[in-house]
Every structure is written in C-alpha cells, then in structure tokens.
K.L.:
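Just passing along the structure, written as structure tokens.
The figures here come from the full heavy-atom set of this structure, side chains too, leaving out hydrogens, waters and symmetry mates. Keep in mind that this is a model prediction, so the values were computed, not measured. Convention: sequence-line order gives letters A, B, ...; per-chain numbering from 1.
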Amino acid sequence: MSGVRAVRISIESACEKQVQEVGLDGTETYLQPLSMSQNLARLAQRIDFSQGSGSEEEEAAGAEGDAQDWAGAGSSADQDDEEGLVKFQPSLWPWDSVRNNLRSALTEMCVLYDVLSIVRDKKFMTLDPVSQDALPPKQNPQTLQLISKKKSLAGAAQILLKGAERLTKSVTENQENKLQRDFNSELLRLRQHWKLRKVGDKILGDLSYRSAGSLFPHHGTFEVIKNTDIDLDKKIPEDYCPLDVQIPSDLEGSAYIRVSIQKQAPDIGDLGTVNLFKRPLPKSKPGSPHWQTKLEAAQNVLLCKEIFAQLSREAVQIKSQIPHIVVKNQIISQPFPSLQLSISLCHSSNDKKSPKSTTEKQSPEDHLYVLEHNLHLLIREFHKQTLSSIMMPHPASAPFGHKRMRLSGPQAFDKNEINSIQSSEGLLEKIIKQAKHIFLRSRTAATIDSLASRIEDPQIQAHWSNINDVYESSVKVLITSQGYEQICKSIQLQLNIGVEQIRVVHRDGRVITLSHEGQELQDFLLSQMSQHQVHAVQQLAKVMGWQVLSFSNHVGLGPVESIGNASAITVASPNGDYAISVRNGPESGSKIMVQFPRNQCKDLPKSDVLQDSKWNHLRGPFKEVQWNKMEGRNFVYKMELLMSALSPCLL
Amino acid sequence: MGVTCVSQMPVAEGKSVQQTVELLTRKLEMLGAEKQGTFCVDCETYHTAASTLGSQGQAGKLMYVMHNSEYPLSCFALFENGPCLVADTNFDVLMVKLKGFFQSAKASKIETRGTRYQYCDFLVKVGTVTMGPSARGISVEVEYGPCVVASDCWSLLLEFLQSFLGSHTPGAPAVFGSRHDAVYSPADTMVQYMELFNKIRKQQQVIETRKPNQ
C-alpha cells in the first residue's frame with residue numbers, strides 16, 4: 001500500500017437537517033435537530049444497563065461525541081483518517097460498518113491487484129492450472145450399469161445378511177436357553193407335579209399318599225438339590241438337569257406285590273424265600289424328566305409297602321379257620337384246602353450286585369396281575385374312604401370316624417349294631433375272595449374245555465358272559481349233538497361261579513349247587529351229557545313220528561352208576577311193529593335194544609296161552625343192537641338211521 | 001334293644017354272694033343258656049357344687065354317670081327323677097372340665113360285674129354288685145330282644161324270671177308303669193340300675209348303722 005496515491009473519498013451527508021415538508025413554492029422546512037438534552041435522552045433510552053460498566057463508559061463517551069455537529073465529523077473522513085477514526089468510539093459511529101466493509105473491500109482489491117501484478121511478471125508467482133486425474137476411457141454404458149447394479153445388489157445383500165445373522169443368533173439363543181434349563185424353571189416344572197415346601201434353606205417334597213387319605217406312618221419326604229457338578233468348559237450333556245431329587249433310602253429301587261396261586265402244599269423250608277425277579281421297570285413317558293421317573297418309582301415302592309403292611313396286619317389280627325402265615329415279605333394263606341395263595345412284596349433295589357435272580361421256583365407266569373391291580377385299587381379306595389364326607393366330621397370338633405359311629409354313643413348302639421356299621425372285611429379278606437373266584441373260574445373253564453376236547457358226542461359249548469364281577473362270573477353251557485342242534489336242545493345250563501360255590505340253573509328249573517371240588521362239576525357235566533342223549537332220542541321220536549312209550553331221567557334198574565344216574569327211554573314205531581329202548585348212563589354208556597313183533601322171531605317157545613294168531617303181531621322179545629357197528633357219526637344220527645330202518649316206507 | 005328288667009337277687013341264707021351267684025348261673029346253664037362273655041355296669045355319683053346353689057338353699061342334686069358294657073360307646077348321665085342323657089364316651093372328659101359345677105361324691109363308685117348268658121331271645125346277666133372291694137349284692141338283668149314295648153312282653157318276662165329265680169321274682173319295675181306303651185330305650189335300663197344301686201347303698205347304710213348297735 002505504500003507509494004500508492006491516496007484516493008480521496010469524500011462523504012457528505014445528503015443534508016444537515018431532515019426535511020420535514022416541502023412547501024408548495026419549493027421551500028423546505030427542516031426538522032429542528034435534537035437539542036443536547038433530547039439527544040441524550042434518546043441515547044439514554046438505548047442504553048442497556050444490564051451490560052457491564054465498560055459499555056456504559058463507551059456509551060457515555062459516544063454520547064458526548066455525538067453531540068458534535070455532523071458536518072465537522074464528515075469533513076475529516078479522509079484516507080489518513082485512521083488516526084482520526086481511532087479517536088471515535090467505533091461502536092457508535094453510524095458509518096463504522098460501512099467503513100469497515102469498504103476497507104476490507106479495498107484490502108482485498110489491493111491484494112488481488114498485487115497478486116495479479118506479481119503473477120504477470122512471472123518472476124515470483126505463476127499461474128498453474130490445477131492437475132486433474134486423467135479421465136478414464138469412455139466406458140460402455142452397459143458395463144457401467146452392470147457395475148453399478150452389482151454394487152447396489154451387494155449393498156442390499158449386506159443388509160439382508162446382517163438381518164439374517166441377527167435372526168439366527170436369536171433362534172440359537174432360544175434353543176440354548178431351552179436346553180440349558182436353569183434351576184428355577186426346572187423347579188417350577190417339579191412343582192407342577194409334586195408338593196414342595198421350603199424348610200430353612202432346604203426344599204423338601206412329599207411323595208406319600210397322606211394328602212390322598214393314607215394313614216401309613218412313613219414320612220415320604222424327598223429333598224430337592226441343585227445339581228452343581230457340571231463342568232462348564234465341557235459341553236453340556238444332553239440329559240443334563242440342574243435339579244436332582246434325593247429320595248429316602250428305603251424307597252429306592254422298584255417294588256411290586258406278587259400274588260400267585262399254587263397247588264402244592266406249602267413247604268416250610270420254602271417260606272420267606274420268595275425269589276424276586278426283577279420286573280422290567282414300567283416305561284416312563286418319553287418326555288418326562290428323570291426326576292419324575294425316580295419319584296414315581298419311589299411312590300410306587302411306598303404304596304406297595306403300605307399294601308403289604310395292611311395285609312400283614314390283617315393276616316395277624318383276623319381270625320380265620322386256617323390261619324395265615326406271615327413270613328418276612330410273604331403272606332401265605334389257604335383259600336381252599338389244596339390251594340395256596342401267596343402274596344409277597346418284591347422290592348429290588350437298584351444296585352447291580354444281585355442280577356442272579358434266575359433260579360426261580362415260581363415262574364413269572366404264576367403272578368396274577370389282576371389281583372395285584374386290584375390290591376392297588378382297594379388301597380386307593382380305602383384312602384378315599386378316609387377322606388369321604390362320611391368320615392369327615394361335622395362339626396369339625398367331632399371325632400373322626402364313620403358318621404354312624406359318631407351317633408352310636410348318643411343312640412346307645414349295642415354290639416350288634418356297631419359291628420354292622422364297621423366294614424367287616426379287610427383288604428386281605430377281599431383279595432382272598434377274589435383269588436378264590438379267579439381260581440374257581442379258571443378251573444371251571446379248564447374242566448369244560450377238557451370235556452369238550454375229550455368227548456365228541458355230544459358236543460359241549462360254553463358261552464361266557466362278558467360282564468363279570470370280581471366275585472361272580474357266569475357261563476352258559478349247551479350240550480348238543482352235531483347236526484341236530486335245533487331238535488335236541490333240552491340241556492342248557494347256566495353256571496354262576498361265585499366265590500366258593502358254583503350254582504347251576506338247569507333249563508327245566510332245577511337249581512344245583514356245586515362245591516369248589518373240581519370233580520363235582522366234571523361228574524355233573526358227564527351225567528348231563530348222558531341225559532342229553534336220551535332227551536335227544538325223545539325229541540327225535542317226535543320228529544320221526546315215533547311214539548314215546550316211557551321216559552325216565554333216573555332209572556332205578558340196571559347197574560348202579562358211580563356218576564349220576566342212567567336214563568332210559570322207550571319209543572315205538574308209527575305202526576307199532578317195532579320199539580326201541582335206550583338206556584344211557586355216564587359210565588356204562590348206551591345200550592339200545594329193539595323189540596320185534598313176535599312173528600319175526602324164530603326161537604320163541606310155543607305155548608298154549610296164545611290161541612289166536614293175531615297175537616303174533618304184537619311186539620315180543622328184545623334184541624340188542626351192536627351200536628358201535630352202526631353207521632353214523634354220532635348217537636342221534638345212528639338213532640335216526642335205526643328209526644328209519646325200522647319204519648317201513650309206504651309205497 | 002329289647003325290654004329289660006333289672007332286679008336284685010337276695011343272698012341266700014348262710015351263703016356268700018359268690019355262692020349265690022354260682023347257684024344262679026348253674027341253674028341258667030342247666031336251662032340251656034350259653035355263656036357269652038362278661039358284662040359290667042358302673043355308676044359314679046356327683047353333687048352339684050355348693051357354689052352353684054347360691055341363695056336358693058336347695059339341697060344339691062345328685063347326678064349319676066353310668067356306663068354299660070352292652071353299649072360300649074355310650075355314657076349315661078341321669079338325675080334321680082329327672083332326665084337321662086345318652087352321650088358318647090367323651091362325656092367323661094367333659095365331666096372333668098365341669099369339676100367346678102359337679103363334684104364327685106366320695107367312695108361313690110358302685111359297679112356290677114358278671115357273666116352274660118344268651119338263651120334264645122333272652123339275654124340274662126347275673127352280676128355281683130361291688131362297692132369298693134366288697135361285694136354288696138347280686139343284680140339280675142333279663143332282656144327280651146324281640147319286643148320293644150314293655151307292656152306287651154311283661155308277662156312273658158315274668159314267666160321266664162320265675163323259671164329260674166323262683167320266689168325271688170320281682171314285681172314290675174317302676175319305669176314300666178310310667179310309660180308302658182312307649183318304646184323301651186336303654187336309658188330306662190340305666191334308670192333301673194340306678195334305683196338298684198341306690199337300694200343297695202341304702203341297705204348298706206342300714207347295715208352299717210345297725211352294726212354299732214349290735
């Protein structure tokens with residue numbers, strides 16, 4: 001800037017005073033300039049007193065400076081007014097900003113001028129164009145599109161992949177959470193099945209049947225413990241469970257009640273040595289956790305113990321004709337004289353040291369599952385009874401017991417009435433009755449089947465009824481001849497098999513009671529079969545037109561049968577010429593004789609009694625038929641042939 | 001529960017209580033009765049406590065609490081001419097709680113024990129009445145099971161009693177007279193026993209008062 005001529009800039013205000021109005025003749029009326037006090041007032045109004053005292057000084061000084069005339073200030077606005085400018089407070093001078101702007105513009109212009117002049121000389125500064133990257137050779141528009149598409153697809157793919165990654169991570173986390181069940185969720189599952197309570201810092205559970213009405217004194221508590229023996233470094237095993245249950249030591253393993261009936265008399269040396277065979281554990285539901293199976297097995301052991309304790313208590317207390325023997329884990333009783341019922345508690349613990357339960361005197365087939373199941377049912381019924389409303393006292397302060405027993409005091413019941421209220425039958429008696437019935441039933445079935453297979457003529461059929469009771473079953477026995485079922489159906493027996501007896505109701509109304517002896521039933525059926533043959537002849541005679549001359553179910557003649565009685569029938573042919581006489585006995589078999597008219601017999605003694613020859617047409621002597629040489633597959637068929645042979649055909 | 005008649009058998013001359021009981025039982029066995037075990041009827045006496053009498057000045061009432069082995073789960077409580085309560089055996093425990101109102105009279109427990117015979121429809125009980133260690137008399141109870149109305153079967157009972165008691169047959173009990181057409185209840189039996197025990201107690205007192213005189 002040195003050496004450059006100063007540029008004169010003169011600034012003058014348009015006019016000193018503001019024009020108030022212009023008269024019609026061109027004269028101007030000027031506003032009176034503000035007097036000093038007025039100006040001061042105006043300026044004072046603009047003072048911001050909230051600002052610091054520095055600004056106040058400036059304002060005050062500026063207010064003084066402004067009091068001078070404008071014109072005086074304007075004339076000293078020269079290029080070398082820099083010093084003069086310093087005298088004024090720049091913040092209040094109205095042309096200050098203009099001056100600054102102009103000054104900066106000047107500065108810039110000067111700089112530019114200087115630069116350009118230096119650049120023109122090219123000695124110290126040159127203009128150099130900006131180097132640009134070489135433009136790539138002009139591409140195919142398709143390649144460009146391809147690349148751009150590729151890039152955009154890659155970007156989209158990235159986003160999708162990120163999203164997919166997030167999803168898979170969350171899914172795996174869920175699965176891991178399921179596998180890696182934590183203690184509390186497992187405890188919740190346990191709580192859904194079993195009763196738990198917290199005692200101190202231990203969690204105890206109850207697996208006894210006490211809440212269901214049992215009175216067994218076993219505590220049945222199990223403890224829930226946290227399974228902390230997991231190595232976090234290794235992979236968590238599949239069946240890892242953070243929870244473990246500890247069952248009482250006497251409930252470990254598995255148990256069942258074995259009920260069996262044997263025919264041999266009890267051998268004293270055999271008592272108490274029931275060999276347990278380890279029944280395969282009942283398959284637990286596939287999804288159930290291991291603690292569930294453990295607890296269920298322990299509960300089953302407890303129930304079996306209770307059943308056996310109840311049975312043995314009753315066996316000792318109840319008086320019966322043949323006393324029951326209780327030895328260690330076995331109860332032996334004799335429902336029938338030659339029969340032995342043994343109920344034993346088989347408790348096998350889980351330890352592997354006794355796998356050798358192979359030498360068994362009793363085979364597994366001896367075990368009656370039905371009775372074991374019934375024992376379970378009976379004890380559960382007993383449990384329910386203790387909780388039933390008959391037992392629960394009203395009011396709550398009354399003593400426990402059957403409702404009627406509570407009344408027995410105030411109503412002065414005597415011993416008979418008290419006995420009638422109390423359920424007299426215990427578990428053992430019930431199960432013995434059921435065993436008796438099962439034995440009778442199976443023996444009846446065996447008897448009928450053996451007879452049916454052994455004897456072909458007549459045939460024996462048994463129709464067992466579907467609906468049975470634990471103490472009663474029934475079967476309908478029909479004795480028929482093959483081919484003649486419609487004609488000869490007079491022997492139909494209804495057998496009601498009870499606990500100790502079999503009641504037979506015959507079709508003709510007779511009621512016969514058979515005892516438990518097996519031979520009685522067999523003898524009875526044999527006698528009925530023999531009677532059937534004779535009845536069949538009677539029915540056949542009706543069909544064939546033969547006349548029944550005599551019929552007896554129990555003949556008093558002939559050899560005495562050891563089983564039942566023999567029966568006999570005599571039938572005459574339609575024209576009266578012939579008569580057939582049949583005697584059938586269970587032991588002696590059948591004897592058939594045919595009566596011929598006199599004129600057909602050659603060896604009759606002549607006598608003077610009969611004068612007329614017409615008497616020769618009457619029937620005379622009997623001749624026996626060789627029945628085993630007769631044609632025909634069964635008795636009735638043979639009889640029919642015989643009858644037809646003896647009836648002349650009318651041609 | 002049938003109609004029952006309770007009576008006292010006087011001790012035979014020159015014989016002890018036991019011997020008389022033996023005579024009776026032998027007679028019954030010859031008749032054909034079968035022994036069916038033992039029986040026991042006991043009675044305790046309670047006074048109403050003095051505190052409850054207050055200003056009324058009444059004599060304290062006597063309450064008798066009795067048990068009968070024939071009704072093993074029941075307990076009977078009766079006043080002399082008053083009602084008879086039939087309760088279950090918790091009543092004894094209740095009496096302990098009511099100690100303030102009922103005080104047991106001293107040496108008051110009296111009981112009869114003996115054998116029980118069944119003769120067809122008749123149930124005969126012959127027992128020795130004891131108060132403390134000493135036997136004081138003989139009680140005979142006959143029950144006719146099938147009938148529950150006293151008036152209907154009194155004559156039959158009388159005849160049966162005559163057959164083995166002979167001349168010592170009692171007259172109709174007082175309870176029969178009052179409600180002889182109503183259904184007989186076990187409480188009536190206990191009333192009869194109470195009367196019997198009271199009679200025996202009085203006899204005992206008479207004997208005791210006589211003794212110093214002799």
K.L.:
Atom NE2 of residue position A/His373 - does it have more than 12 heavy atoms of other residues, nucleotides or ligands inside 6.0 Å?
P.N.:
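No, because the 6.0 Å sphere around NE2 of A/His373 holds 12 heavy atoms or fewer from other groups.
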K.L.:
Would you please name every residue forming a side-chain hydrogen bond (donor to acceptor under 3.5 Å, both in side chains) with A/Gln501, sequence neighbours left out?
P.N.:
none
K.L.:
Is A/Ile418 in contact with chain B via its backbone, its side chain, both, or neither, using a 4.5 Å heavy-atom distance?
P.N.:
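When you check distances to chain B, only side chain atoms of A/Ile418 fall under 4.5 Å.
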K.L.:
Give me a line-by-line list of donor-acceptor atom pairs from chain A to chain B that are under 3.5 Å apart, or tell me none exist.
P.N.:
residue  : atom : partner : partner atom : Å
A/Ser408 : O    : B/Ser74 : OG           : 3.3
A/Gly409 : O    : B/Ser74 : OG           : 2.7

K.L.:
Where on B/Phe91 is there a heavy atom nearer than 4.5 Å to chain A: the side chain, the backbone, both, or neither?
P.N.:
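No part of B/Phe91 comes within 4.5 Å of chain A.
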K.L.:
What do you reckon, is CZ of A/Arg210 surrounded by more than 12 foreign heavy atoms closer than 6.0 Å?
P.N.:
yes
